[in-house]
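All values below were derived from every heavy atom in this structure, side-chain atoms included, with hydrogens, water molecules and symmetry-related copies excluded. A, B, ... follow the sequence lines: proteins, then strands. Residue 1 opens every chain.
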Amino acid sequence: MKYDYDVIIVGSGVAGAMCAWKLSTLGDYRILILEAGDNGIGQGQRVEFHHAMDRQGNRGDMFAPYLELESRKMVPSPEKAGKPLDAQKAEEKYYDYTPESQDSFRAGYTRLVGGSTWAWRGNCPRFLPSDFALRSTYGAGRDWPISYGELEKSYCEAEQELGVSGNHDELDGLFGAFRSRPFPMPGIPLTYSDQLVKTRIHGKTVNGTKVRVITTPQARNSEPYDGRPACEGHSNCIPLCPIQAKYDATVHLRRVLVKPNVTLRSGAAVTRVSAGRDGNITRVHFRDWRSDDKTKDRVLTAPVIVLAAHAIETPKILLMSNVANSSGQVGRNLMDHIQWEIAAEFPEPVYPFRGPQSVTAIEAFRDGPFRRTRSGFRMTIGNDGWGRAGSPAKIIDELLTKDRAYGPDLMTKVADRVTRMIRLSFSTEMLPHPENRVDLSANTDAALGIPRPRFTFAVDDYATEALKAGVETATALFNLMGAKIEKKDLIENGKLNWNTAAHIMGTCIMGNNPADSVVDKWGRTHDNHNLYIAGSSVFATGATANPTLTLVALTLRTARAIHKQLKAGGVHAH
Amino acid sequence: MDELSTFVALSRTLTGIGFLANIEPKSFAETIAKDYLHRLKEAFGADFIALLTLYASKAGAPDPLAALLGDASFKDRIESMAKQVVNVWMLSQYRIETAEKKGDNAPAFDAGFFDQGLIWSAIKAHPIAFSHRSHGYWTSKP
């Protein structure tokens, strides 16, 4: 049978781009990348995004640089997802909810060529060995079908590809997480703020745990690497690194698209996959919103199809296709890192907004026997004032509104308060629950008539209890620093306050048992041997580490598995 | 005083920023001041004019700031206008406040000169997204 391509990859974010690039290094494959968004991947586009951000008032908004793209109207993103359920129902135009949903699903994402990595912070911690074996170690959640040891080499390769800076000695052996290779470059130097914090808390014991302030591994250059410059500290990692010192998926897109057999087709919103005459899933259906006939069903074929459209759009495509779901688990086990942050005024100026938005972390609270009943948490030290808890604009407004501090002393007061702003943030793990799910809404998007995602979601006690522990720990740490905490209760009027880390995971989880998982440990769907899924949607659990490094490591394995299958005969190889 | 002079004097009174006392004709600072005046008039119309008019009536007072803040009409929309005058100089940004959305919850609008915001020198930082320093500058006290 003749196919249009050897592999069609849906999605050009980090998973799709990495899969395409890795495959292209393994064989001379004809690869098509289909992407719903439509934007450039060169320096000119980056400059334009920077200008667009300047034209937007809300500079902290992760969507600010991208609001002027036509694709935003044609293939919408959840731009108001960070809000509680009532507010989101009123303001959010893309996410939809079942009546049973107790919470909003607050994680957003972008639909761009290059995906959400345009707007990520770049943090790349590894998962811990126990994260892959939560059920067998602590009796909670699920086990993955692979171990840390099986993934370790791929972790090294992922760090190489993303360009992760970090300090090997600080992390080698963390809770048993051995490292077989050093990072490709040293860690980002500590900010002035980090140094002041470290002096006060490093080596101290808090709630029975010894605190170590260490450099977060991050896909941000600490020296020129891979043709990109060292970080210049623009303090704008989210929503856009102006100089691409921080990795984003356009790195691998540019690298792979120079190959004559690799094609990117943007403006292509995939609606479903379907079986060819032989019964295998070899057909990809999409709508080209840049064409005159935007809703025309277009079809291209390949013996291997990879869905890499992140953890909301990927299950949507499977549900619209009615494939790979004999387990009934597609769309289920939706997860995010439930996050909160404590803001404080340091006793002396720490001078935030100079350097990366965050450089250091405290990893000591991620693992322990407490995980039988509650999650661990990973704590980061901010270098961006109060982050989401409050901007310099908020300080100015408070000074004017509450104190009427107009006049000669205004600048002194602003400087005094803003330069002492600091935050501690902590991300927790929620367990995979089949009840937490995304499925298809009866409502469709306006431009193409494709079903919007519909959520049923509730934050579990496992994460909530960890948030409480995080508040207690952050309070103790700020007390050690002599910092004055900006009071905001975790629970107000009986309702839990929480933020999203925008780490969307689950919905097509991996496992050995086809009855309760969607893909195997290679990312291949149990039901369709030539249909693969790449990205954090395959995560069996969420752990407390940022997901990108792990999803890239898994994607590199998936690409090798696809190569093996293609070499063995493609669609007919089992 | 003409409108621009009134706006500059008002800005100096509200922010306490000294250089606003000596904006030279045809300087970049004057260009910015003209632009901010234009934008605020465009965005707020009568409310903003009311603040300018109120200030003009107090400018000759021994303490114009005290006279302005002490005026019974300095509240609600007029007070919000005063905050936007500060915001526009500090952050090159103004917000349209409503009864429901105030302060940094109100929608923000760019006023065109973000990198010229006066907050950056006050807090000893570069404008966000506009570093002109080399790698590692952030390790030292500014």
Side-chain angles (χ1 to χ4, degrees), chain A residues 50 53-60 188-195 221-224 229-236 239-243 245 349 351-356 359 383-385 390-401 404 406-412 414-415 418-419, chain B residues 12-18 63-66 68-69 74 79-80 82-87 90-97 102-115 117-142:
Chain A
H50 197 295
M53 180 178 66
D54 293 342
R55 290 190 288 269
Q56 305 298 328
N58 274 331
R59 302 182 65 84
I188 296 285
L190 267 53
T191 66
Y192 178 70
S193 165
D194 291 324
Q195 296 167 46
N221 288 353
S222 62
E223 57 192 29
C231 174
E232 294 174 349
H234 289 259
S235 313
N236 199 65
L240 175 76
C241 176
I243 62 169
Y351 299 107
F353 307 107
R354 299 170 68 251
V359 172
N383 184 41
D384 54 352
S391 63
K394 179 181 178 180
I395 297 297
I396 294 169
D397 191 75
E398 281 181 2
L399 284 167
L400 298 180
T401 304
R404 281 199 163 176
Y406 296 97
D409 298 333
L410 176 62
M411 294 297 272
T412 307
V414 168
V418 173
T419 58
Chain B
R12 183 179 69 244
T13 299
L14 292 174
T15 63
I17 295 167
D63 185 344
L65 179 62
L68 182 67
L69 298 184
F74 191 82
E79 187 168 4
S80 179
K83 285 199 297 182
Q84 304 324 315
V85 171
V86 173
N87 283 337
M90 296 289 268
L91 300 156
S92 195
Q93 184 180 85
Y94 59 88
R95 293 176 182 271
I96 298 181
E97 296 186 304
K102 291 187 177 297
D104 68 341
N105 289 320
F109 296 87
D110 181 53
F113 298 94
F114 173 76
D115 59 337
L118 298 173
I119 190 172
W120 308 117
S121 58
I123 66 172
K124 300 185 177 179
H126 56 75
I128 292 174
F130 288 92
S131 166
H132 301 294
R133 308 285 301 276
S134 57
H135 179 75
Y137 75 86
W138 54 82
T139 62
S140 306
K141 186 177 181 178

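Between Y137(B) and G355(A), the shortest heavy-atom distance links the atoms OH-N, 3.0 Å.
Looking at I243(A), neither its backbone nor its side chain comes within 4.5 Å of chain B, counting heavy atoms on both sides. Proximity to chain B (any heavy atom under 4.5 Å) is restricted, for L190(A), to the backbone atoms N, CA, C and O. Using a 4.5 Å cut-off between heavy atoms, L14(B) touches chain A through backbone and side chain atoms alike. In this structure, chain A has no heavy atom under 4.5 Å from any part of Q84(B). Using a 4.5 Å cut-off between heavy atoms, A111(B) makes no contact with chain A at all. For E232(A), the parts lying under 4.5 angstrom from a heavy atom of chain B are both the backbone and the side chain. Only the side chain of I17(B) comes within contact range of chain A, with heavy atoms under 4.5 Å apart. With a 4.5 angstrom heavy-atom cutoff, F74(B) touches chain A via backbone and side-chain atoms both. Both the backbone and the side chain of P189(A) have a heavy atom closer than 4.5 Å to some heavy atom of chain B. If you measure heavy-atom distances from L69(B) to chain A, the contacts under 4.5 Å come from both the backbone and the side chain. Of the atoms belonging to S222(A), heavy atoms from both backbone and side chain fall under 4.5 Å from chain B.
Although no hydrogens or angles enter the test, the distance criterion places a donor-acceptor pair under 3.5 Å between the side chain of N383(A) and the main chain of R354(A). No donor-acceptor distance shorter than 3.5 angstrom exists from the side chain of T139(B) to the backbone of T191(A), with no hydrogens or angles considered.
By the side chain to side chain contact (heavy atoms under 4.5 Å, CB included) test, N221(A) pairs with M185(A), Y225(A), R228(A), sequence neighbours left out. When the side chain to side chain contact (heavy atoms under 4.5 Å, CB included) test is applied to T419(A), the partners found at least two apart in sequence or on another chain are P349(A), Y351(A), I123(B).
In this structure the side chain of I128(B) reaches within 4.5 angstrom of the side chain of W120(B), judged on heavy atoms.
Per-residue counts of heavy-atom pairs under 4.5 Å with chain A were compared for H132(B), K124(B), H126(B), R133(B); the largest is that of H126(B). Of the listed residues S235(A), A393(A), G407(A), the one with more heavy-atom pairs under 4.5 angstrom with chain B than any other is G407(A). Across P408(A), G233(A), A415(A), the residue that shares the most heavy-atom pairs under 4.5 angstrom with chain B is G233(A).
F114(B) and F130(B) have tilted rings, their planes meeting at an angle from 30° to 60° on a 0 to 90° scale.
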As a quick check of understanding, evaluate side-chain contact (heavy atoms from CB on, under 4.5 Å) for K83(B) and D397(A), giving each step before the final call. CA-CA 7 Å; K83(B) 285 199 297 182; D397(A) 191 75; 3.0 Å; yes
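In summary, R95(B) and D104(B) do not engage in a salt bridge, as defined by a charged side-chain N under 4.0 Å from a carboxylate O.
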